[in-house]
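In this chain, residues are counted from 1 in sequence order.
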Amino acid sequence: MHKEHKRLLAMLRLQERRKAHPQFSDSYVGSTHRFYGVPVPARRALLKAWLKESGGSSAREIRAVADSLFLGASHEEKTMGAYLLGYRKDVRAIIAMRDLDRWLDQLVGWAEIDALCQNIFSADEMRANWDAWQHFLIKLSKDTNVNKRRASLVFLTGATAKSDDTRLHTLAYENIEHLRHEKDILITKAISWLLRCMVDTRKSDVAQFLDRHTDLLPKIAVRETHRKLETGKKNR
């Protein structure tokens, strides 16, 4: 355990309040890891304060702390590793796909996967290293680990919502088609989420895709995407 990880963990434990927050459970976030019951805003505040104190730390030093956090025993430590990457663009610039693959091995359930995969890496960052990202996301879509298969979809949600780049959207459709037969809610909900994000930048394309694949896609994805196309929102 990195020495700064130890310090962050001590600070985290001071805020433990599981009894006051029964929503922190394996059923709520889909994880079987330990819970301290520390809400996301409190975790983020803790990290920001720590970053301010360690403002002179290099990108490699911060990556080492994030790496240690992902190996932590608790849900909070793992998600804080992801949040840390989101705060430092210079750290993300030195992260390799093998790092992401290793970290994904430590994550279980939608909350942990989404912490790392949703809106951490921008469309521009993906496009700047496209060959590596494309190969990595295709590989994830075929992994035996359902959490990694979910990641292959969630990594593209923020990117396709903000960019109409053909490469991003083509890959999104490819991964959706590869996973559309799955029944696990981790996948069916992620397909719905990704399609709804794609509506923001390529609405007509999504409508056409939905028309062609209505009988092949998860029902929840068809229902929620139609609603987004019609109303601009997930729910009426």
Spacing of [X] atom [atom1] and [Y] atom [atom2] [to the nearest 0.5 Å]:
X	Y	atom1	atom2	value
His181	Thr188	NE2	OG1	12.5 Å
Leu171	Leu153	CG	CG	9.5 Å
Leu217	Thr225	CG	OG1	8.0 Å
His2	Leu8	NE2	CG	10.0 Å
Thr170	Asn175	OG1	CG	11.0 Å
Lys203	Lys228	NZ	NZ	9.5 Å

Salt-bridge criterion met for [X] and [Y] (N-O under 4.0 Å):
X	Y	value
Glu16	Arg13	no
Asp101	Lys148	yes
Glu224	Lys189	yes

In chain order, what residues pass the salt bridge (charged side-chain N to carboxylate O under 4.0 Å, His left out) check against [X], with sequence neighbours excluded?
X	answer
Glu61	none
Arg88	Asp90
Asp99	Arg63, Arg102
Asp205	Arg202

Report the C-alpha distance between Met80 and Leu46 in whole Å, list the side-chain angles of each, state the deciding distance to 0.1 Å, and finish with yes or no for side-chain contact (heavy atoms from CB on, under 4.5 Å).
CA-CA 9 Å; Met80 285 169 65; Leu46 189 158; 3.7 Å; yes
Going by atom type alone, with no hydrogens or angles, which donor-acceptor pairs under 3.5 Å involve a side-chain atom of residues 157-165 and a protein atom two or more places apart or on another chain?
{"from": "Thr157", "atom 1": "OG1", "to": "Val154", "atom 2": "O", "distance (Å)": "2.7"}
{"from": "Thr160", "atom 1": "OG1", "to": "Leu156", "atom 2": "O", "distance (Å)": "2.7"}
{"from": "Thr160", "atom 1": "OG1", "to": "Thr157", "atom 2": "O", "distance (Å)": "3.3"}
{"from": "Ser163", "atom 1": "OG", "to": "Arg127", "atom 2": "NH1", "distance (Å)": "3.0"}
{"from": "Ser163", "atom 1": "OG", "to": "Asp165", "atom 2": "N", "distance (Å)": "3.1"}
{"from": "Asp165", "atom 1": "OD1", "to": "Arg167", "atom 2": "N", "distance (Å)": "2.8"}
{"from": "Asp165", "atom 1": "OD1", "to": "Arg167", "atom 2": "NE", "distance (Å)": "3.2"}
{"from": "Asp165", "atom 1": "OD2", "to": "Arg167", "atom 2": "NH2", "distance (Å)": "3.2"}

How close do [X] and [Y] get, counting heavy atoms only, and between which atoms?
X	Y	result
Ser141	His178	O-CD2, 3.2 Å
Ser152	Leu179	OG-CD1, 3.6 Å
Glu76	Val38	OE2-N, 3.3 Å
Ala172	Leu194	CB-CD2, 3.8 Å
Gly72	Glu77	CA-OE2, 3.5 Å
Ala221	Leu195	CB-CD1, 4.4 Å

For [X], give me all partners under ring-ring contact (aromatic ring centres under 6.0 Å, His included), at least two apart in sequence or on another chain.
X	value
Phe121	Trp133
Phe136	none
His226	none

Determine which pairs satisfy ring-ring contact (aromatic ring centres under 6.0 Å, His included) with at least one residue from residues 157-176, sequence neighbours left out, and list them in order.
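Non-adjacent pairs meeting ring-ring contact (aromatic ring centres under 6.0 Å, His included): Tyr173-Phe209.
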What pairs meet the ring-ring contact (aromatic ring centres under 6.0 Å, His included) rule with one or both residues in residues 48-69, with sequence neighbours excluded?
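Passing the test, one end in residues 48-69: no pairs.
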Kindly determine whether Phe70 and Asp105 satisfy side-chain contact (heavy atoms from CB on, under 4.5 Å), including the steps that lead there.
CA-CA 9 Å; Phe70 280 117; Asp105 282 330; over 6 Å; no
Selection residues 3-12 - residue pairs positive for salt bridge (Lys or Arg N to Asp or Glu O under 4.0 Å), sequence neighbours left out:
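Residue pairs passing salt bridge (Lys or Arg N to Asp or Glu O under 4.0 Å), neighbours aside: Glu4-Arg7, Arg7-Glu53.
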Can you confirm whether more than 12 heavy atoms, excluding those of [X], are under 6.0 Å from its [atom1] atom?
X	atom1	value
Leu216	CG	yes
Asp215	CG	no
Arg60	CZ	no

Is there a donor-acceptor contact under 3.5 Å linking the side chains of [X] and [Y]?
X	Y	answer
Asp67	Trp103	yes
Asn147	Asn145	yes
Gln106	His33	no

Do Val222 and Val199 sit in the same hydrophobic cluster, where Ile, Leu, Val, Met, Phe, Trp and Tyr count as joined when their side-chain heavy atoms come under 4.5 Å apart?
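The answer is yes; both residues are in one hydrophobic cluster.
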Assigning hydrophobic clusters by single linkage (Ile, Leu, Val, Met, Phe, Trp, Tyr; side-chain heavy-atom cutoff under 4.5 Å), is Val65 placed with Met1?
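Linked within one cluster.
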Check step by step if side-chain contact (heavy atoms from CB on, under 4.5 Å) holds for Leu85 and Ile62.
CA-CA 8 Å; Leu85 303 181; Ile62 297 295; over 6 Å; no
Return yes if some donor-acceptor pair links the side-chain N/O of Gln134 with the main-chain N/O of Trp130 below 3.5 Å, else return no.
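Side chain of Gln134 to backbone of Trp130: no pair is present.
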Run the numbers on Ile187 and Arg149 for side-chain contact (heavy atoms from CB on, under 4.5 Å), then give the verdict.
CA-CA 7 Å; Ile187 303 300; Arg149 297 200 299 278; 3.8 Å; yes
Name all residues meeting the side chain to side chain contact (heavy atoms under 4.5 Å, CB included) criterion together with Ala45; count only those two or more places apart in sequence or in a different chain, and write none if there are none.
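With sequence neighbours excluded, Ala45 shows a side chain to side chain contact (heavy atoms under 4.5 Å, CB included) to no residue whatsoever.
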